[in-house]
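Every number for a ligand or one of its atoms is a count from 1 in the order of the listing.
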Amino acid sequence: MFLTGASASHRQRDRVTGGGTAGDYMTGEFAMGGSRGQDWGDILTRKIKDRSVRIGVIGLGYVGLSLAVEFAKTGIQVTGIEIDTEKLARLRAGESYVQDVKPYEVKGLIADGKLVVVDDYRALSELDAVSICVPTPLSKTKDPDISYIAAATREIVPHLHPGQLIVLESTTYPGTTDEVILPELQQTGLQVGEEFFLAFSPERIDPGNAQYRTQNTPKIIGGMTRRCTLVAKALYELAIACVVPVSSARTAEMVKLLENTFRAVNIGLVNEVALMCDRLKIDVWEVIEAAATKPFGFMPFYPGPGLGGHCIPVDPYYLAWKLKMLDYKARFIELAAEINTSMPWHVVSKVVDALNDQRKSVKGSNILVLGVAYKRNTNDLRESPALDIIKILQGKGATVTFHDAFVAELTSLDGATHVPLKPEIIRAADCVIIATDHSNVDYEWMTSQAQLILDTRNVTKHLAVGNGKIIRL
Ligand SMILES: NC(=O)c1ccc[n+]([C@@H]2O[C@H](COP(=O)([O-])OP(=O)(O)OC[C@H]3O[C@@H](n4cnc5c(N)ncnc54)[C@H](O)[C@@H]3O)[C@@H](O)[C@H]2O)c1
């Protein structure tokens, strides 16, 4: 339950924390209902500069664990708060469940006490800055589900204290920080921009990207006030090479949605071009490769079996939903989503046609799906189009197996069995669908064994073998 302004202020005055600023805000001035005379922004900035700032991260998933480790690597004390006890146990054992976070880093930071992980929100009382990195999924009706953000905010309220910075990192619709989080935090009676600080800073993590990691990817920051932006900027500059301030939290929220909508719409466009080229009997890959020789005004995007991951298929719906509240239809977003979600069906229809050419029916056929993660060289299955392809094929009566060395611990997936990539298994498949182009597969060898291949990623383009039995999107 949220605190009322009166009771929250009372609790603020009465609380004694172990933090260095406890004495500061327990003064008579603060007890009078404010923290007059104290420059809390200055106090927090000094702690950031002398690196005594204590940072907290709520939600230790792909985003939160990467951020917590990045801050802790600079020598700052970091506390991670996570509700999944299995994740906590793995971290305490020095393991990492996030591919881009190295186990030896977690192990070292936990052993040195630089990274402490807990499931108890009372730790928030001791922290100067807290980043919220909880999930923002869609409901069944594809509306934003911000219940995780609301729950984390409710947990922060009883522990919010003067000189504390709260930063939301979860991707969400413009207005979440000031319409959802701010009113809750203000129930404490504390003043934003004066006593506590609130900002939005979108995460731009790109799983599997060896060149751009958390540390060297520029980070956008937009605060509720200019002071909030400056304090948050100072904090993130401890660990991130380039921090880019913008004028407001809403702007920062919109920046993230522009970035991901840009990708969703461009992928939707190129997927539609693939559908057109299919009708025109033109190789879409050749068209894109040739167009990409233009040194200006063109940026190549590539077709595929559909969108996957936690971001691109989800985030544009957050924007479309918000605009619907304002009687505006986000047409590009809806159209791109329609085309992108139709791609698994297109893949299956190509398989059906190719089998038909061989006088085979899909019903009773044996289909091997190669690569089920949504992205090359990752183990992330979230929203993966390979899962849709498996379900559609099963619905048509095919027996589906899959192989993916990145998710090898999975023995089955939606009724499909994981199989090793052995010659007899490849040969037994009526069709192999390359759904994900992992780099650890010998495609030339695999092609030499297969009867028929549907390549959705153009990974077989340079192969000398396979003439006549490879079909591309
Ligand atoms: N994964 C990406 O590549 C990526 C990239 C950019 C932005 N984002 C955004 O970042 C946010 C987080 O994404 P993620 O991929 O890290 O999600 P995730 O599911 O991997 O991690 C979220 C973590 O938060 C924990 N959690 C949920 N509620 C909690 C609570 N009340 N208190 C403490 N812990 C709680 C969950 O147990 C989970 O471990 C989302 O909004 C997402 O859209 C993700």
Side-chain angles (χ1 to χ4, degrees), residues 56-70 79-91 95-101 106 116-124 127 130-138 144-159 166-174 176-177 180-181 184 200-209 212-214 217-220 240 252-253 255-264 307-319 373-384:
V57 176
I58 299 181
L60 297 174
Y62 288 77
V63 168
L65 184 61
S66 309
L67 183 70
V69 164
E70 214 54 53
T79 302
I81 302 176
E82 170 59 60
I83 50 173
D84 182 333
T85 48
E86 197 187 316
K87 282 184 179 165
L88 287 177
R90 291 186 67 180
L91 292 172
E95 287 176 32
S96 170
Y97 41 77
V98 172
Q99 201 182 340
D100 292 338
V101 176
V106 172
V116 174
V117 294
V118 298
D119 62 359
D120 188 345
Y121 282 98
R122 281 178 298 183
L124 289 167
L127 302 173
V130 180
S131 298
I132 305 171
C133 303
V134 295
T136 44
L138 292 171
D145 172 4
I146 58 161
S147 60
Y148 295 90
I149 294 179
T153 308
R154 275 196 297 272
E155 298 290 355
I156 292 171
V157 169
H159 305 284
I166 309 295
V167 182
L168 177 63
E169 294 237 357
S170 305
T171 309
T172 183
Y173 58 81
T176 308
T177 309
V180 177
I181 298 186
E184 297 302 339
F200 181 81
S201 180
E203 179 49 62
R204 284 172 159 169
I205 206 164
D206 182 19
N209 190 327
Y212 289 107
R213 320 294 292 244
T214 304
T217 302
K219 194 142 177 51
I220 304 291
I240 312 286
E253 288 161 339
V255 170
K256 175 70 184 176
L257 293 181
L258 168 63
E259 290 169 8
N260 285 359
T261 302
F262 174 83
R263 283 192 62 74
L307 290 183
H310 187 32
C311 297
I312 313 293
V314 174
D315 300 350
Y317 284 105
Y318 270 70
L319 186 54
Y374 87 88
K375 191 177 178 188
R376 182 174 209 257
N377 297 345
T378 74
N379 61 358
D380 196 341
L381 293 169
R382 292 182 294 181
E383 313 285 331
S384 176

**Q** Rounded to the nearest 0.5 Å, what's the gap from CD on Glu70 to CG on Leu65? Could you check?
**A** 10.5 Å

**Q** What part of Cys311, side chain, backbone, both or neither, has a heavy atom within less than 4.0 angstrom of ligand 1?
**A** side chain

**Q** Residues two or more places apart in sequence or in another chain: which of them pass ring pair (Phe, Tyr, Trp, His ring centres under 6.0 Å) with Tyr62?
**A** none

**Q** Tell me which part of Thr172 gets within contact of ligand 1: side chain, backbone, both or neither, using heavy atoms under 4.0 Å.
**A** neither

**Q** Look only at interatomic distance and state if Glu169 has a nitrogen or oxygen under 3.5 Å from any nitrogen or oxygen of ligand 1.
**A** no

**Q** Does ligand 1 have any atom that is closer than 4.0 Å to a heavy atom of Lys256?
**A** yes

**Q** Would you call Asp206 and Lys375 a salt bridge, using N to O less than 4.0 angstrom?
**A** yes

**Q** Please report whether ligand 1 has a polar contact with Asp84, defined as an N or O pair separated by less than 3.5 Å (distance criterion only).
**A** no

**Q** Could you check whether atom CZ of Arg122 has more than 12 heavy atoms from other residues, nucleotides or ligands sitting under 6.0 Å from it?
**A** no

**Q** Just to confirm my output: which protein heavy-atom neighbour is closest to atom 2 (C) of ligand 1, and how far is it?
**A** Ile205 CG2, 3.5 Å

**Q** Counting only heavy atoms, which portion of Arg382 has something under 4.0 Å from ligand 1: side chain, backbone, both, or neither?
**A** side chain

**Q** Which residues pass the side chain to side chain contact (heavy atoms under 4.5 Å, CB included) test with Ala264, sequence neighbours left out?
**A** Leu307, Ile312, Pro316

**Q** With a sphere of 6.0 Å drawn around CZ of Arg382, does it hold more than 12 non-hydrogen atoms of other residues, nucleotides or ligands?
**A** yes

**Q** Give the contacting part of Tyr121 toward ligand 1: side chain, backbone, both or neither, where contact means a heavy-atom distance below 4.0 Å.
**A** side chain

